[in-house]
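Beneath this line is the structure, given in structure tokens, with notes to follow.
We use all heavy atoms of the structure for the numbers below, so side chains are in, but hydrogens, waters and symmetry mates are not. Just so you know, ligand 1 is whichever comes first in the structure, and atom 1 is the first atom listed for that ligand.
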Amino acid sequence: MGKCKVATLLFGVFFTLWFMLELQVEARALSSLDREIEAKLKLLNKPAVKSIKSEDGDIIDCVHIYNQPAFDHPALKNHTIKTIPSFLLDFEPSSVRGTLNASSEVFQLWQKSGSCPKDTVPIRRIQKKDLLRAYSLELFGRKPPYGHSTTNNTNPNFVNLGVTDDYINLPNRSESHLTAYGFRFIGASANINIWNPNVEKKGDFTTAQIWLKADNGDNFESVEAGWMKDSYYTTGCFDVTCAGFVHVGSSTALGATVGPYSSQFNQQYEINIGIFWDEDGNWWLNIKNGTVIGYWPAELLGNLRHTASLVQWGGQVYSDKVKKDPPHTSTQMGSGAAADRRFGFACYMSNIRIKDNSKSLKYPQFVSTYADEPYCYNTLNDVEYGKDPVFYFGGVGQSSPYCP
Ligand SMILES: *[C@@H]1O[C@H](CO)[C@@H](O)[C@H](O)[C@H]1NC(C)=O
Ligand SMILES: *[C@@H]1O[C@H](CO)[C@@H](O)[C@H](O)[C@H]1NC(C)=O
Ligand SMILES: *[C@@H]1O[C@H](CO)[C@@H](O)[C@H](O)[C@H]1NC(C)=O
Ligand SMILES: *[C@@H]1O[C@H](CO)[C@@H](O)[C@H](O)[C@H]1NC(C)=O
Ligand SMILES: *[C@@H]1O[C@H](CO)[C@@H](O)[C@H](O)[C@H]1NC(C)=O
């Protein structure tokens with residue numbers, strides 16, 4: 001008890017939004033629980049060189065780069081932090097400029113209150129209230145597993161990244177995405193429109209994200225990044241709470257709130273997110289104009305260390321009230337508006353790019369759209385001759401009569 005179970009860790013990295021739903025903390029002030037919480041906090045939070053208090057109540061600890069939680073992972077005991085590949089440093093800012101009328105003046109709220117010194121990385125501190133909100137201490141910090149585990153990877157360090165017999169039909173998850181098929185993807189990116197969708201209840205969450213996946217025999221593994229909104233109950237492994245992701249940048253904290261967000265008829269905000277492979281098999285995460293956040297180290301990867309075979313852009317709603325008999329969850333996907341409402345209403349991904357052996361960023365050649373529950377959350381790939389395609393996705397969730 002107390003340790004993040006890497007066996008069911010899903011490799012995801014998410015920025016959460018500003019204005020997360022504040023919920024009443026249940027009074028469960030058992031003294032044994034208190035002690036358990038203290039012990040867990042001590043395990044999760046690393047000593048800080050400096051701490052920054054954000055307006056939203058978050059505390060950002062500037063942790064020495066070699067003290068970061070990644071090194072709790074047994075396979076990373078002797079890991080030397082990689083230098084940022086030059087292709088990421090040479091990133092051309094104009095390549096992330098979208099063609100839609102949206103602002104990319106997006107930042108993290110805590111950045112208004114300070115910055116982290118050299119050789120430290122910003123880590124969002126896990127506070128007692130986070131653990132009290134988590135519906136189970138044991139589960140804290142874990143994105144719920146995809147399904148039952150059947151993994152038997154020969155790599156002893158392999159992290160079971162969510163295993164399922166059925167690739168597409170994941171329990172309790174409703175997805176809507178654009179998929180690109182290929183052999184050897186070595187990167188993907190997009191400008192992701194930022195919204196503040198409604199989340200119905202504790203345990204539910206909703207994301208807008210990019211997935212890069214690789215087959216591992218009868219299962220798959222993925223690296224994922226994007227923004228998520230939850231009701232503050234499941235926060236955790238999306239960022240660096242579960243050891244594995246190696247943070248290198250000092251400007252951006254994972255799991256901290258990002259904003260501002262878009263609203264209907266008003267200014268749209270977007271953030272460019274890219275995930276790129278290096279020749280040692282690490283996957284790097286960067287945002288905006290080439291701000292490198294960190295990487296998923298090759299040591300923890302199976303086939304994904306060699307390239308990805310599938311890239312997806314879109315949204316996911318997690319709830320025990322999806323893909324079942326009514327009532328459906330009213331947790332929204334994207335902006336909460338259906339995809340055919342288009343720009344200014346529906347959530348979009350623009351500037352969709354993949355990188356393959358040609359090393360250049362380009363729009364994927366073969367794509368298809370998919371929605372688990374098209375009557376609840378749909379998709380629209382808006383392709384107009386001579387223009388960069390824009391992928392819209394989302395929906396309101398429960399709404400009679402289509403999604404009862
Ligand atoms: C780390 O290095 C030590 C000493 O060389 C070695 O015994 C140990 O197996 C290494 N651990 C990993 C995970 O590589
Ligand atoms: C995984 O494979 C190894 C070697 O083939 C075997 O000994 C072990 O029992 C397997 N584990 C599971 C959970 O199937
Ligand atoms: C771009 O969006 C802003 C905010 O909604 C608006 O004020 C402006 O007129 C728009 N510009 C164009 C060219 O549509
Ligand atoms: C990239 O964005 C960061 C943060 O907004 C800024 O400090 C930096 O100057 C930008 N770099 C370029 C090359 O535009
Ligand atoms: C899905 O939800 C049901 C409750 O409806 C729960 O019993 C089950 O454990 C959940 N499965 C997953 C994989 O989250």
Side-chain angles (χ1 to χ4, degrees), residues 5-10 12 66 70-82 97-106 134-136 138-151 155-175 191 193-195 200-207 219-220 222 230 233-234 236-238 243-244 246 260-270 280-281 297-301 316-329 331 335 341-346 348 350 372-373 387 390 398:
K5 282 203 190 144
V6 286
T8 47
L9 155 64
L10 180 90
Y66 272 102
F71 296 108
D72 285 350
H73 195 291
L76 300 179
K77 277 282 171 286
N78 305 329
H79 185 84
T80 307
I81 291 172
K82 310 282 179 213
R97 206 163 296 138
T99 50
L100 301 173
N101 179 16
S103 167
S104 55
E105 297 295 311
V106 169
Y135 47 119
S136 132
E138 182 78 19
L139 282 173
F140 181 77
R142 287 170 35 192
K143 193 175 177 181
Y146 273 119
H148 63 280
S149 170
T150 52
T151 288
N155 176 354
N157 300 327
F158 179 74
V159 180
N160 177 355
L161 301 159
V163 180
T164 172
D165 288 334
D166 184 353
Y167 220 81
I168 302 280
N169 195 18
L170 305 167
N172 304 351
R173 273 159 213 268
S174 189
E175 293 188 352
N191 292 13
N193 192 198
I194 302 177
W195 287 83
E200 183 195 282
K201 64 180 175 62
K202 91 181 200 185
D204 282 17
F205 63 79
T206 180
T207 72
N219 57 71
F220 69 90
S222 64
D230 67 9
Y233 280 91
T234 45
C237 249
F238 303 108
V246 180
Y261 56 79
S262 315
S263 55
Q264 295 194 353
F265 295 109
N266 285 314
Q267 181 68 55
Q268 298 299 300
Y269 292 92
E270 61 182 28
D280 299 324
E299 289 96 311
L300 304 184
L301 302 174
Q316 180 184 73
V317 167
Y318 178 89
S319 173
D320 57 11
K321 289 164 65 189
V322 300
K323 298 183 186 167
K324 294 199 176 76
D325 292 338
H328 193 276
T329 183
T331 293
S335 66
R341 302 285 307 281
R342 290 187 167 83
F343 185 77
F345 299 93
Y348 67 81
S350 68
D372 276 321
E373 299 176 300
K387 286 194 179 164
V390 179
Q398 186 187 38

| message | Quick check on contacts: which atoms of ligand 1 are under 4.0 angstrom from a heavy atom of Pro74? | response | 13 (C)

| Among all residues two or more places apart in sequence or in another chain, which pass the salt bridge (charged side-chain N to carboxylate O under 4.0 Å, His left out) test with Asp280? | none

| Looking at Asn172, Thr207, Val322, which hits side chain to side chain contact (heavy atoms under 4.5 Å, CB included) with Val317? | Val322

| task | Return the set of residues passing salt bridge (charged side-chain N to carboxylate O under 4.0 Å, His left out) with Arg97 (not counting sequence neighbours), or none when no residue passes. | result | none

Present, as a list of atom pairs with distances to 0.1 Å, all nitrogen or oxygen contacts under 3.5 Å between ligand 3 and the protein.
from: ligand 3; atom 1: 2 (O); to: Asn101; atom 2: ND2; distance (Å): 2.4
from: ligand 3; atom 1: 11 (N); to: Asn101; atom 2: ND2; distance (Å): 2.7
from: ligand 3; atom 1: 14 (O); to: Asn101; atom 2: ND2; distance (Å): 3.3

| note | Per-atom filter on ligand 5: closer than 4.0 angstrom to a heavy atom of Lys324 are 2 (O), 5 (O)

| said: Assess whether a salt bridge exists between Asp320 and Lys201, defined as any Lys/Arg side-chain N lying under 4.0 Å from an Asp/Glu carboxylate O. | reply: yes

| remark: Contacts of Phe345 meeting ring-ring contact (aromatic ring centres under 6.0 Å, His included) (sequence neighbours excluded), chain-then-number -> Phe265

| said: Asn78 versus ligand 1: do any nitrogen or oxygen atoms come within less than 3.5 Å of each other? | reply: yes

| Of Glu200, Lys321, Glu373, which meets side chain to side chain donor-acceptor pair (under 3.5 Å) against His328? | Glu373

| message | Tell me if the centroids of the rings in Tyr261 and Tyr269 come within less than 6.0 Å of each other. | response | no

